[in-house]
Amino acid sequence: MKKLHLIRHAKSSWSDGSLADIERPLNKRGLKSCEVMAEQIVKAGCAFEHVFCSPALRAQSTIENLCAQLTTKEISWQIDQALYTFEVRDLLAWCQSLDDSLTEVVVVGHNSALTDLINMVGDQPLENLPTCGYVQLALGDRTWKDLSTGSTELLSFLKPKMFM
């Protein structure tokens with residue numbers, strides 16, 4: 001069964017207005033959210049296999065800080081420039097191009113692309129995927145190319161406020 005695990009980057013800092021969007025770091029709340037969410041994401045069924053991350057500093061810091069909490073797991077990820085997007089069409093095309101040998105994929109990315117993707121392909125509407133929020137979608141035994149409107153089942157939705 002194919003599963004798509006979506007993680008929105010944790011809360012980022014806007015304190016340095018001179019930084020480009022892609023260079024913004026996490027703030028204190030973002031770091032705390034990573035601490036509380038890491039184990040909850042694992043409990044929800046995410047094995048952190050085949051992890052792909054936006055090149056934005058806040059996304060990379062999110063996966064680094066989640067992994068730092070999961071000391072019993074050896075987790076690796078790769079940066080994909082295409083995941084620095086806020087457009088659902090771009091994210092959907094990226095997902096549809098995945099190799100079908102991958103059964104579970106984790107994406108660490110950005111809104112509004114993530115929330116829009118969940119609402120497009122999911123069977124339940126979601127108002128917003130908050131920062132450091134997690135969603136697990138099941139595609140079943142279909143191919144990644146089959147990812148389309150209403151093609152997945154929402155298995156899990158977690159947000160930091162549930163655990164803080």
Side-chain angles (χ1 to χ4, degrees), residues 2-15 19-70 75-96 98 104-139 144 147 152-164:
K2 289 196 174 22
K3 290 184 182 176
L4 185 59
H5 304 268
L6 302 173
I7 302 171
R8 183 177 172 194
H9 66 78
K11 189 76 173 160
S12 60
S13 173
W14 290 88
S15 63
L19 293 176
D21 179 72
I22 200 166
E23 297 171 341
R24 287 190 293 114
L26 297 183
N27 66 16
K28 278 187 183 179
R29 187 173 118 202
L31 294 169
K32 181 66 177 167
S33 293
C34 291
E35 286 179 29
V36 300
M37 288 296 289
E39 192 61 39
Q40 300 303 325
I41 292 171
V42 170
K43 285 180 184 176
C46 182
F48 284 96
E49 294 177 9
H50 311 293
V51 179
F52 299 90
C53 183
S54 160
L57 178 60
R58 61 192 180 274
Q60 291 183 61
S61 296
T62 297
I63 192 61
E64 288 169 2
N65 282 282
L66 288 170
C67 292
Q69 302 303 310
L70 304 170
I75 300 170
S76 62
W77 61 89
Q78 55 188 86
I79 304 303
D80 192 314
Q81 298 298 320
L83 293 177
Y84 184 62
T85 184
F86 310 95
E87 297 295 328
V88 68
R89 286 183 297 271
D90 297 340
L91 185 55
L92 177 63
W94 184 89
C95 291
Q96 290 171 330
L98 287 165
E104 299 206 16
V105 172
V106 179
V107 173
V108 182
H110 307 274
N111 257 0
S112 64
L114 290 172
T115 297
D116 291 346
L117 182 70
I118 294 161
N119 287 326
M120 176 188 285
V121 303
D123 63 341
Q124 298 175 46
L126 186 70
E127 186 176 326
N128 180 51
L129 182 62
T131 51
C132 211
Y134 165 79
V135 161
Q136 183 180 153
L137 299 170
L139 183 60
W144 291 112
L147 197 61
T152 67
E153 177 185 1
L154 179 72
L155 299 182
S156 185
F157 169 44
L158 305 175
K159 52 189 175 181
K161 286 186 178 180
M162 296 167 77
F163 310 103
M164 294 174 90

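In this structure the side chain of N119 never reaches within 4.5 angstrom of the side chain of L117, judged on heavy atoms. Proximity of I7 to V107: side-chain heavy atoms (C-beta onward) are nowhere separated by under 4.5 Å. No side-chain heavy atom of K11 sits under 4.5 Å from any side-chain heavy atom of L26. With a 4.5 Å cut-off on side-chain heavy atoms, W94 and T85 do not count as touching. By the 4.5 Å heavy-atom criterion applied to side chains, V121 and C95 are not counted as neighbours. Residues K3 and L155 form a side-chain contact, since some pair of their non-hydrogen atoms from C-beta on lies under 4.5 Å apart.
Nearest heavy-atom pair, N128 versus F157, reported as atom, atom and distance to 0.1 Å: O-CZ, 3.9 Å. Contact record, L91 with L83: CD1-CD2, 3.7 Å, taken as the closest heavy-atom pair. The shortest non-hydrogen separation linking A38 to Q69 is CB-CB, 3.5 Å. Contact detail for C46 and V106: the closest heavy-atom pair is SG-CG2, 3.7 Å.
For N65 and S61, the side-chain atoms include no donor-acceptor pair closer than 3.5 Å.
Outside the 6.0 Å centre-distance limit, the rings of F48 and W77 are not counted as a close aromatic pair.
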For this session: Go through H9 and S54 one step at a time and tell me if the side-chain hydrogen bond (donor to acceptor under 3.5 Å, both in side chains) criterion holds.
Result: CA-CA 9 Å; H9 66 78; S54 160; over 6 Å; no

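Every pair passing salt bridge (charged side-chain N to carboxylate O under 4.0 Å, His left out) that includes a residue from residues 21-31 is listed here, sequence neighbours excluded: D21-R24, D21-R58.
Tested against E104 for a side-chain hydrogen bond (donor to acceptor under 3.5 Å, both in side chains), the candidates K2, H50, H5 yield a single pass: H5.
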